[in-house]
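Remember, it's a predicted structure, so these values are computed and weren't measured experimentally.
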Amino acid sequence: MRLCFAKSEGLVDVVRLRSLWEDLRVLPEMDRDVMCHGDLTPQNVLVAATRLAGVLDTGGFGAADPALDLVSVWHLLDHERRELVRQQLQCGDVQWRRGMAWALQQAMGLVWYYAETNPVMSRWGLRTLDRLLGASAA
């Protein structure tokens, strides 16, 4: 993350994001590892008529922190829909915030790494960071 913050100067609000990371990175592990997709990102999710229709790239299934799959709610959903997912999954605060940490880590890398070579992915990371900052301010 130090590299991400250094490379992201001028692209994002590094001060606020670093502060958020400092809060999220020390969260305790709460759950046993379970089978996770590990990469539930926009390009791996198929949607038809506003409903989940399929998931791609399942080659990475493996045992991991269940909060890892919560990355998808930050990449894909607005506040209202994230809250619906949280209610349905019955996520506690620590698990929810661990999902935020995973999303922050991934989005930070997307922004600077793809800024020149893949602006669409870079903007996707920016959108996710905006959602995370908005949620942390609430």
Side-chain angles (χ1 to χ4, degrees):
M1 287 297 285
R2 275 186 241 133
L3 176 65
C4 288
F5 291 128
K7 296 278 190 174
S8 297
E9 290 288 343
L11 299 172
V12 297
D13 187 341
V14 171
V15 172
R16 285 185 65 207
L17 289 165
R18 186 178 279 126
S19 177
L20 178 58
W21 176 245
E22 291 304 317
D23 289 342
L24 296 175
R25 68 186 292 267
V26 296
L27 292 166
E29 289 189 40
M30 298 293 296
D31 303 301
R32 293 182 310 136
D33 286 354
V34 297
M35 293 302 286
C36 289
H37 183 279
D39 196 21
L40 285 177
T41 55
Q43 72 270 19
N44 289 332
V45 177
L46 300 175
V47 176
T50 71
R51 297 189 55 87
L52 179 65
V55 176
L56 304 174
D57 192 17
T58 59
F61 271 120
D65 178 358
L68 178 59
D69 279 347
L70 292 173
V71 167
S72 62
V73 302
W74 297 99
H75 287 316
L76 296 166
L77 304 176
D78 62 18
H79 173 74
E80 180 180 309
R81 287 166 183 83
R82 281 194 311 271
E83 286 304 312
L84 290 171
V85 169
R86 183 178 183 178
Q87 290 170 11
Q88 290 298 308
L89 293 177
Q90 300 177 0
C91 288
D93 288 339
V94 172
Q95 187 180 47
W96 190 251
R97 291 180 58 75
R98 285 181 64 81
M100 290 176 71
W102 286 112
L104 174 59
Q105 186 179 36
Q106 189 174 73
M108 283 298 300
L110 291 170
V111 172
W112 69 269
Y113 188 82
Y114 290 112
E116 298 294 322
T117 60
N118 192 336
V120 171
M121 284 187 73
S122 181
R123 284 191 303 273
W124 154 37
L126 287 169
R127 184 182 64 237
T128 299
L129 293 175
D130 285 344
R131 289 174 178 165
L132 291 162
L133 286 173
S136 69

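Distance check: Arg98 CZ to Gln95 CD gives 9.0 Å after rounding to the nearest 0.5 Å. The line from CH2 of Trp102 to CG of Leu24 is 12.5 Å long, rounded to the nearest 0.5 Å. Interatomic distance, Arg97 CZ to Leu132 CG, rounded to the nearest 0.5 Å: 10.0 Å. For the atom pair CG of Leu126 and OG of Ser8, the computed distance is 8.5 Å after rounding to the nearest 0.5 Å.
For Ala107 against Gly125, the heavy-atom pair with the smallest separation is CB-O, 3.6 Å. Smallest separation of non-hydrogen atoms from Asp23 and Leu27: O-CG, 4.2 Å.
Not counting sequence neighbours, the partners of Asp13 by the side-chain contact (heavy atoms from CB on, under 4.5 Å) test are Val15, Arg16. Legend: residues meeting ring-ring contact (aromatic ring centres under 6.0 Å, His included) with Trp74, ordered by chain and number and at least two apart, are Trp96. By the side chain to side chain donor-acceptor pair (under 3.5 Å) test, Arg25 pairs with no residue at all, sequence neighbours left out. Under the side-chain contact (heavy atoms from CB on, under 4.5 Å) criterion, Leu17 pairs with Phe5, Val12, Leu104, Met108, Leu129, Leu133, not counting sequence neighbours.
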Output a table of donor-acceptor pairs, distance under 3.5 Å, between side-chain atoms of residues 80-88 and any protein atom two or more places apart or on a different chain; print 'none' if there are none.
from: Arg81; atom 1: NH1; to: Asp78; atom 2: OD1; distance (Å): 3.3
from: Arg81; atom 1: NH1; to: Asp78; atom 2: OD2; distance (Å): 2.7
from: Arg82; atom 1: NH1; to: Leu77; atom 2: O; distance (Å): 2.8
from: Arg86; atom 1: NE; to: Cys91; atom 2: O; distance (Å): 3.4
from: Arg86; atom 1: NH2; to: Asp93; atom 2: OD1; distance (Å): 2.4

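The stretch residues 110-125 participates, sequence neighbours left out, in these side chain to side chain donor-acceptor pair (under 3.5 Å) pairs: His75-Trp124.
For the pair Leu89 and Leu70, the minimum side-chain heavy-atom distance is below 4.5 Å.
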